[in-house]
Amino acid sequence: MSDVEREAMEYDVVIVGAGPAGLSAAIRLKQLDPELSVVVLEKGSEVGAHILSGAVLDPCGLEALIPDWKEKGAPLKTPVKVDNFYMLGEAGKVRVPNFPMPPLMNNHGNYIVSMGNVCRWMAERAEGLGVEIFPGMSCSELVYDGDRVKGVVAGVFGLEPDGSIGPNTEPGMELHGKYVFIAEGVRGSLSKELIRKYDLSKGHEPQKFGLGMKEIWEIDPAKHKEGTVSHTMGWPLGGNAGGGSFIYHAENNQVFLGFVVHLNYKNPHLFPYMEFQRFKTHPMVKDLLEGGKRVAYGARAITEGGYQSMPKMVVPGAALLGCSVGMVNVPRIKGNHNAMLSGKAAAEAAYAAIQEGRQGDELSDYETEVREGAIGRDLKRVRNVKPMWSKWGLTSSLALGGLDMWTNTLGFSFFGTMGHGKTDAEATEPADKHKPIDYPKPDGKLTFDRLTNVSFSMTNHEESQPSHLKLKDPEIPVKIDLPKYAGPSQRYCPAGVYEFVQEDGQEPKFVINFQNCVHCKTCDIKDPPQNINWTPPQGGDGPNYPNM
């Protein structure tokens, strides 16, 4: 649709994504100069609709942006009071003491939050400063002026099922900026285009990812311990994959229950969603949840590559922010604070450039601040934990990773900077090298099938639109994925989007139920032949998370 004529609107800064990074950038720009014109485009039906995070928030990013956030009523109401780490066996657990852990692992001073609600609050602050926020506006294309990113195309609606323009098509509009900030989250389509077009990953390690799945439970008040944070490792994943869980006791007798599976697992028979459901049958978790009810579900990918996997962040006219770069501190399971700091840093670099009369160039000061400032320091201390886990397994990486975090805290490292090697897609091995895994059938009370759980994400897509999940070659799923890898898309997707259907005497057929998609983008990451391309559906579609 690049040849379609559209209306255009001009701004000083165009921001794609109303997450913590994009909203922080918008707020900071208006703090620096109320006369700057700033627009934020959000694909969700409202701000927060597509936000999913644990989350225990380190308030340092918010503190830097809005020092009086408490007085202004930020929804950080549950300080961490108890911080637990457990190693799980199938029926038992061992508490890992806190005292040997580096200080950076301490959660005291942090808050259990709904990041969706934090973003809604931030959006109110931004709009109060004069930022224009347009929810329900997917950004489907970048607009170029020569080698420079000039803007984005947003608000395309009503395409025909084959992607062509029909009588009810709204072609959208172009939004141009002196600078464009891409803050669309993990593995976003515009970020992928910029990284590929400008070869931004050259000289950096491959990005690594995890799949995070989350349920919110309302539990028996007698079992609720507000402010308690627990993390587990070990069972049920064992040696099949890296990962672990979080259990956060929020306010209102709610527990945020989550499970993360690192996507560099080898066995294509692994079923991350069912590993999450099996985790809930552990006595420690089962006892907590019995008598309660699940009220929400969702999933999203997590950037886990860390310091050495961050690509170059700037191109002429545009900058990548937050999870578009990958700023998660993996052992802390935290990235929101760094996303906020990246938005602030990008805003300050753009403001300085505009003050000098510049536009459309590379904001190199932003990249320098990210790599050498607070974000870089945070990520550099833990840069070897993920590759150690991938290379040596859980037990060894716990000891060596702890040692490396301690020495980095003291200013040196025995290990230098370790590499990641393969991408998560390349890590997947043929099915005949591994045994299938038998998963118990969900009971509908404690454990649930995917489609039932997806209904608790309030996901909705207009069915007449083109599928936003594009196959580069429609023959690959049946000819390669199914015979060689046992059709892993049937399992790695946490929403039941993909299935192989076979009728008597006919070849299997690959079916994409895009209406179920919760926008986690795992398929784009883990598919072994890299044949699935996730693109944004029309604006407002997807999950509608109320409190994630």
Side-chain angles (χ1 to χ4, degrees), residues 52 54 84 86 88-93 112 114 116 211-226 228-238 240-241 243-261 269-300 436-460 490-497 499 513 515-518 520 522 543-548:
L52 185 149
N84 299 319
Y86 295 103
L88 298 187
E90 188 167 354
K93 66 179 188 244
I112 300 170
S114 157
L211 169 60
M213 297 156 285
K214 178 181 176 181
E215 293 174 357
I216 299 179
W217 281 72
E218 292 178 358
I219 67 167
D220 182 346
K223 300 177 182 179
H224 188 254
K225 299 176 181 177
E226 187 171 304
T228 296
V229 164
S230 297
H231 293 98
T232 78
M233 294 175 286
W235 190 87
L237 290 173
N240 286 324
S245 83
F246 60 84
I247 306 170
Y248 302 154
H249 290 245
E251 59 260 30
N252 302 320
N253 296 318
Q254 287 194 336
V255 166
F256 299 162
L257 184 76
F259 198 78
V260 177
V261 178
H269 296 293
L270 188 82
F271 198 156
Y273 175 84
M274 290 308 298
E275 295 286 349
F276 177 29
Q277 298 307 300
R278 187 161 63 158
F279 160 72
K280 292 187 291 179
T281 67
H282 189 278
M284 181 184 81
V285 186
K286 183 178 180 181
D287 291 347
L288 176 68
L289 300 181
E290 279 186 338
K293 63 177 181 178
R294 163 221 44 190
V295 296
Y297 167 75
R300 61 159 288 184
I437 302 172
D438 183 30
Y439 292 99
K441 185 178 179 180
D443 62 18
K445 297 178 181 178
L446 179 68
T447 59
F448 311 99
D449 65 82
R450 282 181 295 185
L451 295 187
T452 299
N453 241 353
V454 167
S455 70
F456 281 78
S457 69
M458 277 64 80
T459 294
N460 182 65
Q490 301 173 101
R491 292 175 292 279
Y492 60 57
C493 173
V497 169
E499 59 180 332
N513 304 299
Q515 299 90 340
N516 297 347
C517 180
V518 294
C520 74
T522 301
N544 283 280
Y545 297 134
N547 196 33
M548 288 293 205

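A quick note: this is a predicted structure, and the numbers were derived from the prediction, not measured.
- One distance of note links CD of Glu251 with NE2 of His224; it measures 8.0 Å at 0.5 Å rounding.
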**OP:** For the pair Thr281 and Leu446, evaluate side chain to side chain contact (heavy atoms under 4.5 Å, CB included) and give the outcome as yes or no after the intermediate values.
**Re:** CA-CA 8 Å; Thr281 67; Leu446 179 68; 4.3 Å; yes

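- Within a 6.0 Å radius of CD in Glu90, no more than 12 heavy atoms belonging to other residues, nucleotides or ligands are found.
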Original post:
Is there a side chain to side chain contact (heavy atoms under 4.5 Å, CB included) between Lys214 and Phe276 once you walk through the steps?
Top reply: CA-CA 9 Å; Lys214 178 181 176 181; Phe276 177 29; 6.0 Å; no

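- Results of the side-chain contact (heavy atoms from CB on, under 4.5 Å) test with Ile219 over Glu290, His249, Lys293 single out His249 as the only residue that passes.
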Original post:
side chain to side chain contact (heavy atoms under 4.5 Å, CB included) between Asn84 and Lys93: does it pass, once the steps are laid out?
Top reply: CA-CA 12 Å; Asn84 299 319; Lys93 66 179 188 244; over 6 Å; no

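- The distance from atom SG of Cys493 to atom CZ of Arg450, rounded to the nearest 0.5 Å, is 6.0 Å.
- The minimum heavy-atom distance between Asn513 and Gly496, with the atom names listed, is ND2-O, 3.8 Å.
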**OP:** Please step through side chain to side chain contact (heavy atoms under 4.5 Å, CB included) for the pair Ile247 and Met284, ending with a clear verdict.
**Re:** CA-CA 11 Å; Ile247 306 170; Met284 181 184 81; 4.0 Å; yes

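- Heavy atoms from other residues, nucleotides or ligands lying under 6.0 Å from CG of Asp438 number 12 at most.
- For Glu215 against Asn453, the heavy-atom pair with the smallest separation is OE2-ND2, 2.9 Å.
- Atom CG of residue Asn240 and atom CG of residue Leu270 lie 6.0 Å apart, to the nearest 0.5 angstrom.
- Considering only heavy atoms from C-beta on, Gln277 comes within 4.5 Å of Phe448 through its side chain.
- Shortest non-hydrogen contact noted between Phe256 and Ala250 is CZ-CB, 3.7 Å.
- Phe279 pairs in a ring pair (Phe, Tyr, Trp, His ring centres under 6.0 Å) with only one of the listed residues (Tyr273, Phe246, Phe259), which is Phe259.
- At a threshold of 4.5 Å between non-hydrogen side-chain atoms, the residues Val285 and Thr232 do not count as touching.
- Atom CD1 in Ile112 sits 8.0 Å away from atom OH in Tyr248 (nearest 0.5 Å).
- With 3.5 Å as the limit, one finds a donor-acceptor pair spanning the side chains of Asn547 and Gln254.
- For the atom pair NZ of Lys441 and CG of Asp449, the computed distance is 9.0 Å after rounding to the nearest 0.5 Å.
- What you find for Pro283 and Ala91 is that their closest heavy atoms are CG-O, 3.6 Å.
- In this structure, the side chains of Tyr439 and Glu275 come closer than 4.5 Å at one or more pairs of heavy atoms.
- To the nearest 0.5 Å, atom CZ of residue Arg278 and atom OG1 of residue Thr447 are 12.0 Å apart.
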